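Since we're looking at a predicted model, the values are computed, not measured. Letters A, B, ... mirror the listed sequences (proteins, then strands); counts begin at 1.
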2 protein chains.
Amino acid sequence: MSTMQEVAKKAGVSKATVSRVLSGKGYVSEATKEQVFKAIEEAGYRPNLLARNLATNKSECIGLVVTNTLYHGSYFSEILSQAAKKLEDNGRQLILVDGKHSAREEREAIQFLLDLRCDAVIIYPRFLTIDEMDSIIEQHKTPIMVVNRKLRKHQSHCVFCDHKGSSFQATKYLIERGHRDIAFITGAIDSPTAIERLAGYKEALNQYGIGVNEALIAQGKWTPASGVSAVESLLANKNKISAILASNDEMAVGAMKKLNDLGVSIPGEISIIGFDNIPTAAYLSPALTSIKDPVSDMISEVINRLISMLDGGYLSKENVFTSDLLARNSVIDGPYKG
Amino acid sequence: MSTMQEVAKKAGVSKATVSRVLSGKGYVSEATKEQVFKAIEEAGYRPNLLARNLATNKSECIGLVVTNTLYHGSYFSEILSQAAKKLEDNGRQLILVDGKHSAREEREAIQFLLDLRCDAVIIYPRFLTIDEMDSIIEQHKTPIMVVNRKLRKHQSHCVFCDHKGSSFQATKYLIERGHRDIAFITGAIDSPTAIERLAGYKEALNQYGIGVNEALIAQGKWTPASGVSAVESLLANKNKISAILASNDEMAVGAMKKLNDLGVSIPGEISIIGFDNIPTAAYLSPALTSIKDPVSDMISEVINRLISMLDGGYLSKENVFTSDLLARNSVIDGPYKG
DNA sequence: TTGTAGGCGTTATCAA
DNA sequence: TTGATAACGCCTACAA
């Protein structure tokens, strides 16, 4: 790869001049400017970003960390397409790196992005704790934003959503339509979101005096296949079930398939609710009710904040949009007629 | 951010020694090693990758370019999760950057990755032509791999799949089951894959003496929503239709939904086939037949080649796995009974 | 076993 | 309007 030095020699000027031409800063005569461009062309020169970023300590790009266990579903596509769209308008590059399967690896991914001198990093955490993230944010000058978690200290650095509340609402919705035997399929049990959704379900049952029957709770792993297994284990116990609340749409789809295969008619006999309201899922079946998770809104909000922090004009209010996001979290009417 | 220099001072040694401790290369006494580690700890030191990569001219990371118009679907998730999984085992970071909406932007994305000194780059192209890619590959020493296109010159740098052939097979499959009025929903018409699939459909019709009826061809855009519109326009012309071949699963799902809404019973009356065989789609409905597109296999193969090129042991055979991929491209039996 | 010094490709500060 | 030259933070002979 040719360097700036070579271009300089070819154009008969110094490195400094080439640099000025490239950056557009400082005075350069039209004549030499032209010569430099010609030399650049001839040499097939391309600037080395490593060197540039090392010298300037910035990079015009924004990093995103997501665990690859999330890569499988449409939920993830939603996150990414939203982020890409927003950033594109802003003229910055989005760099995605893999958070893998542990807090350590998630931290390394963040560090990697930081060491690459990304202007900012967004993290959709899976393993890091609130405290760890609060502390990471403190340790770095680079803006770090967290999606889908409520931080303790740095609330303007996060955007989240009330999963427990939504789950409570969904359960309540079923109860009010006369359901008493409501099964629940959890997400991967080490996921905070999964835990919150389970908690909301339990709280609603208790509040309505129904009580939690552990036999009606099956563990899933967010995937369609795990939804299938969940239904299998649920039915193995010969439980009476009139509705299923699945912790996401993908599992709901799996559950539905299994019931279909077993010849259980849907809708009517069993009502199914999933979360996330992913685009394709909306086309799946009118028998599936879904609750919208405001990912797109969250990502969009996070990037807005980031941009205003980086390009100036940031109002350091805390928690500006949080309540807004919560409000948007609503139950969509399903087909079940109690 | 503290630098190596500071760590050196704190430990009472030189930068070089710190560097040796970090890299594990060269001799360092246990005693000083310990001191250095302590100093690193105290300083909260983290190496600056920009500087390191600039000095060594490598980065332990592999870039992937994908157009963000692909970000919406499960097909994309499949690509990414496969890539992440493979690379993880190899201990390298995967960096995804956005190819956006034009050949120029796709080229810029590649350049960006190259300037970042990625060890290699993988491109799932959407706008670049074969010749452009062949020429890009020639211009750079860094290994560049192309997924889903057959290059003219550098065939060991690409992995592809016979979309035309698969589409031909799918159409043939329908014809052999007695269908004569087969509608076709295209992908976005500027996509090579879409064009190939359309060509396969036409060729099959012609070969079986059925002839192409342009009124039975509707333009889609790969999305479920465009599948819905396609069916609308298809039915608007009061065409007789007994089967629909959609250029991907997402559109097939949309088409199915629309037919459902209209009360057309499926399966039986109309047989639908989509492409790609995305995981969730498999759960959608037994009424949907799908043809497997070997994305995972392609990605996996590309990364295998890359790794052996980078870590040594690369056999420079041309086209080693191509035919294998073609063979895997098979029609899955659907529900339609003649 | 450790330190010195030069280099990686830019940017940025001064003089000229 | 231009050219030296010193950073940027790290690696790596070559010496010691």
*Flag, side chain of Glu132(B) to backbone of Leu128(B), donor-acceptor distance under 3.5 Å*: no
*Just call it for Lys25(A): base, sugar-phosphate, or nothing, with non-hydrogen atoms closer than 4.0 Å on any strand.*
nothing
_Classify Val18(B) by what it touches in the nucleic acid, base, sugar-phosphate, or nothing, heavy-atom distance under 4.0 Å._
nothing
*State, with a plain yes or no, whether a side-chain heavy atom of Arg46(B) is found less than 4.5 Å away from one of Ile40(B).*
no
*Whole-Å distance between dG9(C) C1' and Met4(A) CE?*
8 Å
*If you check every side-chain atom of Ser29(B), which of dT2(D), dT2(C), dT4(C) has the closest atom?*
dT2(C)
_Are the side chains of Val18(A) and Lys15(A) in contact, using a 4.5 Å heavy-atom criterion?_
no
_Protein-nucleotide distance (Lys9(B), atom NZ; dG9(D), atom P), rounded to Å_ = 13 Å
*Between dA4(D) and Ser14(A), is there an OP1 or OP2 to side-chain N/O distance shorter than 4.0 Å?*
no
*Taking atom CD of Glu41(B) as the centre, does the number of heavy atoms from other residues, nucleotides or ligands within less than 6.0 Å exceed 12?*
no
*asked:* Ring-plane angle category for Phe76(A) and Phe76(B), please: parallel below 30°, perpendicular beyond 60°, tilted otherwise.
replied: parallel
*asked:* Between Ser19(B) and dC10(D), is there a contact of a side-chain N or O with OP1 or OP2 at under 4.0 Å?
replied: no
*Looking only at N and O atoms, is any donor in the side chain of Arg117(B) or the base of dG9(C) less than 3.5 Å from an acceptor on the other one?*
no
*Taking the nucleotide of DNA chain D with the closest heavy atom to each, which residue, Val28(A) or Lys15(A), is nearer the 5' end?*
Val28(A)
*Do you know which two heavy atoms are closest between Ala109(A) and Gly99(A), and how far apart they sit?*
CB-CA, 4.3 Å
_Options dT4(C), dA12(C), dT1(C), nucleotide nearest the side-chain atoms of Ala16(B)_ = dT4(C)
*d(CG, Leu22(B); P, dC10(D)) in whole Å*: 9 Å
_Degree of bending, the helix from dT1(C)-dA16(D) to dA16(C)-dT1(D) (end axes from five pairs; round to 10°)_ = 40°
_Classify Thr56(A) by what it touches in the nucleic acid, base, sugar-phosphate, or nothing, heavy-atom distance under 4.0 Å._
sugar-phosphate
_Please classify the nucleic acid contact of Ser23(A) as base, sugar-phosphate, or nothing, using heavy-atom distances under 4.0 Å._
nothing
*Are any of the side-chain heavy atoms of Leu50(B) and Leu49(A) separated by less than 4.5 Å?*
no
*asked:* Counting only heavy atoms and a strict 4.0 angstrom limit, can you tell me which residues of residues 34-55 of chain B come near DNA chain C?
replied: Leu54(B), Ala55(B)
*Is Leu64(B) close to Leu80(B) at the side-chain level, that is, under 4.5 Å between some pair of heavy atoms?*
yes
*Arg305(A)/Glu301(A) ion pair, N-O < 4.0 Å*: yes
